[in-house]
Amino acid sequence: MSRTELGALADAAQFQGPIDIAACDVDELKAALRSMLKIRFVEQQLAAQRRDGHIGGPVHLGVGQEAVAVGVSAHLRRTDRVFGGHRSHSHLLALGSDVRRLFAEILGKDTGLSRGMGGSMHLWDKPNGFYGSTPIVAGTISLAVGAGLAAAMQKTGDVAVAYFGDGAVEEGVVHECLNLAQILKIPVLFVVENNLFSSHMHISLRQPKDATVRFAHAHDMAAELVDGNDIVEVKRAAGRLIERARAGEGPGFLEAVTQRWYGHVDWREDIDVGVNRSTADLDQWRRRDPVARLESALLSAGHMTRAEGEEIRRSLREEIESAWATAATDPYPAPEALLARVYIDK
Amino acid sequence: MNYLSESAAGVSYGVAIRHAFEYLLSRYPEVFVIGQGLWSPWYVGNSMTELDKKFGKHRVIDTPVSELACTGLAVGASLAGTRPIVVHPRMDFMLYATDAIVNQAAKWSHMLGAQDAPAVTIRAIINRGGEQGAQHSQALHSWFAHVPGLRVVMPSTASDARDLLIAAALCNDPVMYIDDRWLYERTEDLAPVKELDLRREGPRVRRQGKDITLVGSSYSSYLCEQAADVLAAQGIEAEVIDLRVVSPLRPELIIESVRKTGRLCVVDGGWRTAGLAGEVIASVCEAVDSMRARPVRVTLPDAPAPTSRPLEKLYYPTKETVVQAALGILR
């Protein structure tokens with residue numbers, strides 16, 4: 001078994017109370033709450049539709065991890081360059097992507113974000129800064145480094161973001177990328193959502209230490225380690241690193257410790273196939289809920305009423321149901337799409 | 001830089017590649033070059049000499065030994081408004097980068113709905129012989145030609161070495177440009193640079209003939225031309241076709257030629273099994289009703305490259321091998 005460097009951060013029973021929102025902008029917090037809830041409801045919709053057989057392909061859900069993408073995206077602009085992996089609905093939606101087009105994509109429709117050619121694991125929304133997500137573990141990290149280098153060459157002050165998980169740091173290319181980004185001073189933010197599991201396996205069975213931030217230290221890179229279920233902490237840390245990167249001071253590495261409530265793929269919890277994954281632990285993680293911790297902080301500070309929370313939920317549910325209904329009746333790609341899209345330059 | 005706008009006599013293939021880089025770097029600010037050995041004369045022969053001094057180390061970037069990260073970087077940068085050329089001084093080492101090439105670059109357009117594609121050029125150098133052995137010798141164009149979404153080009157002449165590199169860099173799809181060190185001293189009189197549209201480029205007839213069609217690419221095409229000279233001395237008129245673009249493969253010109261000659265010999269610097277030579281022959285056989293003789297392929301044997309001199313001599317096809325194969329077909 002590995003040593004824990006994360007300590008309390010990896011202990012689900014810790015950090016369950018309301019987060020500290022002192023000195024925060026209330027409107028920004030409310031926007032973050034809405035964004036997190038939206039991501040959660042979209043993914044819960046996907047879980048249910050997948051379970052009921054209405055989605056043909058796999059969906060990798062990140063319910064429980066919403067604070068990471070929402071906290072990072074608070075600092076991003078449309079000209080930034082975001083790359084993701086197999087579990088990237090939150091990374092996309094936190095940038096303001098259209099829910100109906102995400103649903104359409106997952107249903108293989110021509111109106112989808114990737115025109116029905118990608119499904120859940122190959123998403124694209126460049127107009128909103130989402131350059132692409134693909135499911136080869138660590139596959140897009142080097143692409144983000146390149147998009148960051150391009151930003152530096154173009155002198156736009158834009159940054160690139162690479163989202164990946166704790167499993168990805170077991171791929172050699174991550175270390176090549178950290179080294180390259182640091183030596184070339186590339187404006188890229190590496191965001192590790194450390195949810196302690198890679199597919200079925202707990203990090204203690206995969207790595208000698210549980211904090212992936214050690215790799216940033218090894219490459220002399222500016223780094224932050226935070227509770228990924230605390231939107232305020234994530235946002236502050238991401239802000240510091242992104243600000244440096246925009247100023248030409250080089251890359252940053254943000255490790256956010258979190259947990260996904262669903263299993264590796266689809267709607268199940270994977271208690272049965274998980275190694276070191278238990279119902280008791282998962283129940284604790286559900287209490288360390290990034291949404292509930294923000295909402296209860298807002299409530300107890302008197303910044304929000306329960307009725308407001310209900311209203312946010314009602315309007316999001318309505319939006320999501322309507323988006324699903326539209327996507328479900330959207331057309332599939334024409335047969336010609338099979339060959340016509342192999343090259344962009346025909 | 002008159003040679004970019006005027007004709008130039010006796011330019012070697014290696015120097016012609018350098019001309020292409022100069023042309024691109026001086027006219028296209030969005031082009032940059034990245035790869036191992038670019039600040040050193042060691043790695044890439046005479047094909048990039050002092051480009052870093054002329055255009056700056058920020059546009060000609062020498063890198064750590066990280067083939068995958070550097071190639072992925074080029075792919076990502078190409079999605080962000082630049083036109084990178086990533087250089088692999090030996091194709092063997094480029095295999096570390098296969099994910100960025102095959103899973104990412106080649107798939108990008110199709111899997112994301114043809115809304116975006118990496119305008120990246122991956123330059124892979126075949127550098128073999130000299131008893132270097134199995135991991136310093138490979139010609140893996142057939143692998144990459146198998147992957148939809150990549151364009152794979154293999155120049156055999158100095159003109160093509162220059163103009164196909166320029167065309168590759170200006171193409172909006174990912175292109176693998178493969179050059180061969182064995183061709184670096186092959187010279188040609190160059191016309192002024194003409195920007196070619198890679199989508200329109202394909203095989204070309206290098207020499208006309210009526211008796212047999214010889215097909216090659218890159219160095220193999222050069223072998224075919226040399227073999228055709230030998231055959232001509234014996235009264236045999238060989239038609240030589242240089243593939244130039246091996247993916248997407250456009251076999252029409254070859255089919256037309258074989259309809260005329262009725263005989264086909266395909267020469268390839270890769271292995272025999274599941275290789276480019278077999279693919280060319282299959283494409284012709286599917287289209288031609290009858291031939292005067294069975295087609296033949298001349299390839300590497302299905303074995304890794306040896307180091308020992310006599311074995312290495314057996315390993316690579318030569319002008320003589322091609323002549324003998326052609327005579328066998330004609331017999």
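Note on naming: letters A, B, ... go to the chains in the order of the sequence lines (proteins, then strands), and numbering restarts at 1 for each one. All values derive from a computational prediction rather than experimental measurement.
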Exercise. Would you confirm whether B:H110, through its side chain, and A:A340, through its main-chain N or O, come within 3.5 Å as a donor-acceptor pair?
Key: no

Practice problem: Considering only heavy atoms and a distance below 4.5 Å, find which of B:C171, B:P248, B:G149, B:A114 pairs most often with chain A. | Solution: B:G149

Self-check item: Check: B:L150 main-chain N/O paired with A:Y343 side-chain donor or acceptor under 3.5 Å
Solution: yes

Self-check item: Which portion of A:M153 sits near chain B, non-hydrogen atoms under 4.5 angstrom
Solution: side chain

Quiz item: More than 12 foreign heavy atoms under 6.0 Å from CZ of B:F144: is that the case here?
Solution: yes

Practice problem: With the side chain counted from C-beta on, respond yes when B:Q104 and A:I136 share a heavy-atom pair under 4.5 Å apart, and no when they do not. | Solution: yes

Practice problem: Using non-hydrogen atoms and a 4.5 Å limit, figure out which bit of A:A337 sits close to chain B: side chain, backbone, both or neither. | Solution: backbone

Quiz prompt | Spatial distance of atom OG1 (A:T134) from atom CH2 (B:W108) [nearest 0.5 Å] | solution = 5.5 Å

Quiz item: More than 12 non-hydrogen atoms from neighbouring residues, nucleotides or ligands closer than 6.0 Å to CD on B:Q135, yes or no?
Solution: no

Quiz item: So, does B:S109 use its side chain to make a donor-acceptor pair with the main chain of A:R341 at under 3.5 Å?
Solution: yes

Quiz item: Do the non-hydrogen side-chain atoms of B:L73 and A:I186 ever get within less than 4.5 Å of each other?
Solution: yes

Quiz item: Is there side-chain contact between A:L113 and B:L112, with at least one heavy-atom pair below 4.5 Å?
Solution: no

Practice problem: Check whether any side-chain N or O of A:Q154 sits under 3.5 Å from a backbone N or O of B:A80 as a donor-acceptor pair, and report yes or no. | Solution: yes

Practice problem: Residue by residue, scan residues 73-84 of chain A and write down, ordered by number, those that have a heavy-atom distance under 4.5 Å to chain B; if none do, write 'none'. | Solution: A:R81, A:F83

Quiz prompt | Positions in residues 98-105 of chain A that reach chain B, provided some heavy atom is under 4.5 Å away | solution = A:R101

Quiz prompt | Student check: side-chain heavy atoms of B:L79 and A:L143 closer than 4.5 Å | solution = yes

Quiz item: Looking at OG1 of B:T63 and CG of A:N179, how far apart are the two atoms once the value is rounded to the nearest 0.5 Å?
Solution: 10.0 Å

Quiz prompt | Option that, when pairs with chain A are counted at under 4.5 Å, heavy atom only, ranks first among B:L198, B:D197, B:V75 | solution = B:V75

Quiz item: Do other residues, nucleotides or ligands put more than 12 heavy atoms under 6.0 Å from B:E195 CD?
Solution: yes

Self-check item: Greatest number of heavy atom pairs closer than 4.5 Å to chain A - which of B:Q115, B:K107, B:R151
Solution: B:Q115

Quiz prompt | Minimum heavy-atom distance B:D99-A:G139, with the two atoms named | solution = OD2-CA, 3.8 Å

Quiz item: chain B: which of A:L184, A:V145, A:V174, A:V173 shares the most heavy-atom pairs with it under 4.5 Å?
Solution: A:V173

